[in-house]
Amino acid sequence: MKITTWNINSVRLRMPLVVHFLKTNAPDVICLQETKCRDAEFPSSDLRALGYEHLAVNGQKGYHGVAIASKLPVRLLDKQDFCDAGHARHVAVEIDAGGAPLSLHNFYVPAGGDEPDETVNPKFAHKLGFLDEMTEWIKRERIAAGRSVLVGDLNIAPLEHDVWSHKALLKVVSHTPIEVEKLNKMFEAGEWIDSMRRFVPPQEKLYTWWSYRASDWAASDRGRRLDHVLVSQALGGALAGLQVAREARGWERPSDHVPVTVELSL
DNA sequence: ATGGTGGCCCAGCCA
């Protein structure tokens with residue numbers, strides 16, 4: 001079973017890229033973030049035509065928005081609104097995979113603004129509060145008990161080699177010590193396995209996002225690993241492969257994030 | 001130290 005996560009930065013604008021990716025990679029499930037449209041405007045029929053007949057959509061006008069499109073039947077589990085912000089940042093389904101159910105959570109964690117100080121920047125405070133609530137919810141609801149996968153744009157690069165320069169980014173939102181600490185607490189709350197790092201050792205650079213604000217993203221290669229695939233302990237033995245589609249950053253009118261796919265042998 | 005780009009849709013806001 002192949003599960004892809006991709007921050008698409010407007011699904012309607014980039015539907016041709018989604019179609020190309022699905023035709024060439026054929027994951028069983030794709031989780032999208034930053035769809036930036038209402039549910040009624042989500043390109044459901046295009047996805048159904050490609051065999052992704054089972055959809056769970058949590059959208060809003062203009063901002064945020066997440067969706068899961070699956071070839072396998074899904075049952076809607078949940079749409080959480082942490083911090084009661086009224087943002088569409090989570091959708092979860094149960095998938096019948098290999099004869100037993102698997103729960104799949106798709107997240108878009110707040111980016112947090114520019115200033116990494118929660119006393120002056122409400123967006124940074126929101127990001128930290130969101131992570132706290134997520135952590136408590138994972139514990140309380142036992143989200144990682146059994147076969148569970150949590151994917152998405154978590155907007156934090158936790159490891160030294162998840163960014164192009166650890167030193168240069170220590171005070172940059174996405175790699176500050178307090179964010180990394182909160183993310184690690186969330187990891188610990190579910191005893192999640194960082195599946196990408198099971199395939200690429202922590203001492204190797206690994207990115208999923210490159211800023212639009214670079215004259216040549218590939219040459220400067222100042223990336224960050226903001227997108228993640230976490231699996232519960234029950235699925236650790238099933239991890240079978242990882243693909244980070246770096247080439248997607250070079251496509252015409254690209255998202256600033258690339259698709260990340262994890263394969264599970266269920 | 002600064003400013004760089006791109007999305008929502010045409011004004012700022014958000015990333």
Side-chain angles (χ1 to χ4, degrees), chain A residues 5-19 21 31-43 46 57-67 81-90 106-118 120-131 134 151-158 162-165 167-176 178-180 182-183 207-228 246 248-260:
Chain A
T5 179
W6 193 6
N7 178 321
I8 196 63
N9 188 16
S10 174
V11 70
R12 288 179 297 172
L13 186 68
R14 281 183 243 288
M15 201 51 200
L17 302 186
V18 174
V19 169
F21 178 83
C31 298
L32 299 168
Q33 303 88 34
E34 282 206 89
T35 52
K36 294 190 172 179
C37 61
R38 295 185 189 97
D39 291 1
E41 297 154 347
F42 187 80
D46 296 325
V57 182
N58 183 14
Q60 69 181 83
K61 179 182 161 67
Y63 300 99
H64 323 307
V66 289
D81 178 19
F82 295 117
C83 306
D84 294 320
H87 294 178
R89 296 183 178 276
H90 170 253
N106 180 16
F107 271 97
Y108 176 50
V109 170
D114 286 333
E115 184 63 47
D117 180 346
E118 57 182 322
V120 300
N121 175 7
K123 290 203 274 286
F124 194 68
H126 179 216
K127 183 179 198 173
L128 299 183
F130 190 100
L131 290 162
M134 208 175 147
V151 306
D153 177 6
L154 304 184
N155 265 315
I156 299 172
D162 290 340
V163 294
W164 63 276
S165 167
K167 190 163 180 272
L169 291 177
L170 272 172
K171 292 179 178 174
V172 173
V173 172
S174 72
H175 193 62
T176 64
I178 186 161
E179 292 169 86
V180 171
K182 299 266 188 206
L183 187 69
Y207 312 139
T208 65
W209 173 91
W210 292 260
S211 172
Y212 285 125
R213 302 175 192 180
S215 51
D216 187 335
W217 72 273
S220 58
D221 199 22
R222 294 182 167 190
R224 305 178 200 170
R225 184 169 72 110
L226 303 179
D227 303 277
H228 298 269
R246 180 186 165 105
R249 185 62 180 78
W251 292 346
E252 199 172 331
R253 291 261 262 166
S255 170
D256 43 357
H257 296 251
V258 300
V260 177

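Sequence lines set the chain letters: A, B, ... in the order given, protein chains first and strands last, and positions in each chain run from 1. The shown structure was predicted, so the numbers you read here are calculated from the model rather than taken from an experiment.
Across B:dC9 and B:dC13, the matching C1' atoms stand 11 Å from one another, rounded to whole Å. Only the P atoms considered, B:dG6 is 23 Å distant from B:dT2, to the nearest whole Å. Between B:dG4 and B:dA15, the two C1' atoms lie 14 Å apart (nearest whole Å). Spacing between B:dG7 and B:dG3 at atom P, rounded to whole Å, works out to 22 Å.
Rounding to whole angstrom units, CZ of residue A:R222 and C1' of B:dT2 are separated by 13 Å. At whole-Å resolution of the value, CG in A:D153 and C1' in B:dC14 are 13 Å apart. Across the protein-nucleic acid pair, A:N121 atom CG and B:dC13 atom C1' stand 14 Å apart, rounded to whole Å. Rounded to a whole Å, the CD atom of A:E34 is 13 Å from the P atom of B:dC14. Rounded to whole Å, the distance from CD on A:E115 to P on B:dA1 is 13 Å. Rounded to an integer number of Å, the gap from CG of A:L154 to P of B:dA15 is 15 Å.
Of the options A:L154, A:N155, A:V66, a side-chain contact (heavy atoms from CB on, under 4.5 Å) to A:Q33 is made by A:V66 and by none of the others.
Residue contacts shown for A:R89 are limited to sugar-phosphate atoms, with no base heavy atom under 4.0 Å away.
Aromatic ring centres of A:W6 and A:F21 lie closer together than 6.0 Å. Under the 6.0 Å cut-off for aromatic ring centres, A:H90 and A:H64 do not qualify, their centroids lying 6.0 Å or more apart.
Under the side chain to side chain donor-acceptor pair (under 3.5 Å) criterion, A:D256 pairs with A:W209, sequence neighbours left out. The side-chain contact (heavy atoms from CB on, under 4.5 Å) test applied to A:A67 returns A:T35, A:F42, A:V57, not counting sequence neighbours.
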Inset, instruction - Using a 4.0 Å heavy-atom cut-off, write out nucleotides 3-11 of chain B from 5' to 3' as B (base contacted by protein), S (sugar-phosphate only) or - (no contact). - result: -BBSSSS--

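With its glycosidic angle more than 90° from 0, B:dC9 adopts the anti conformation.
Other residues, nucleotides and ligands contribute more than 12 heavy atoms inside 6.0 Å of the CZ atom of A:R246. The 12-atom threshold is exceeded at CG of A:D221, counting heavy atoms of other residues, nucleotides or ligands nearer than 6.0 Å.
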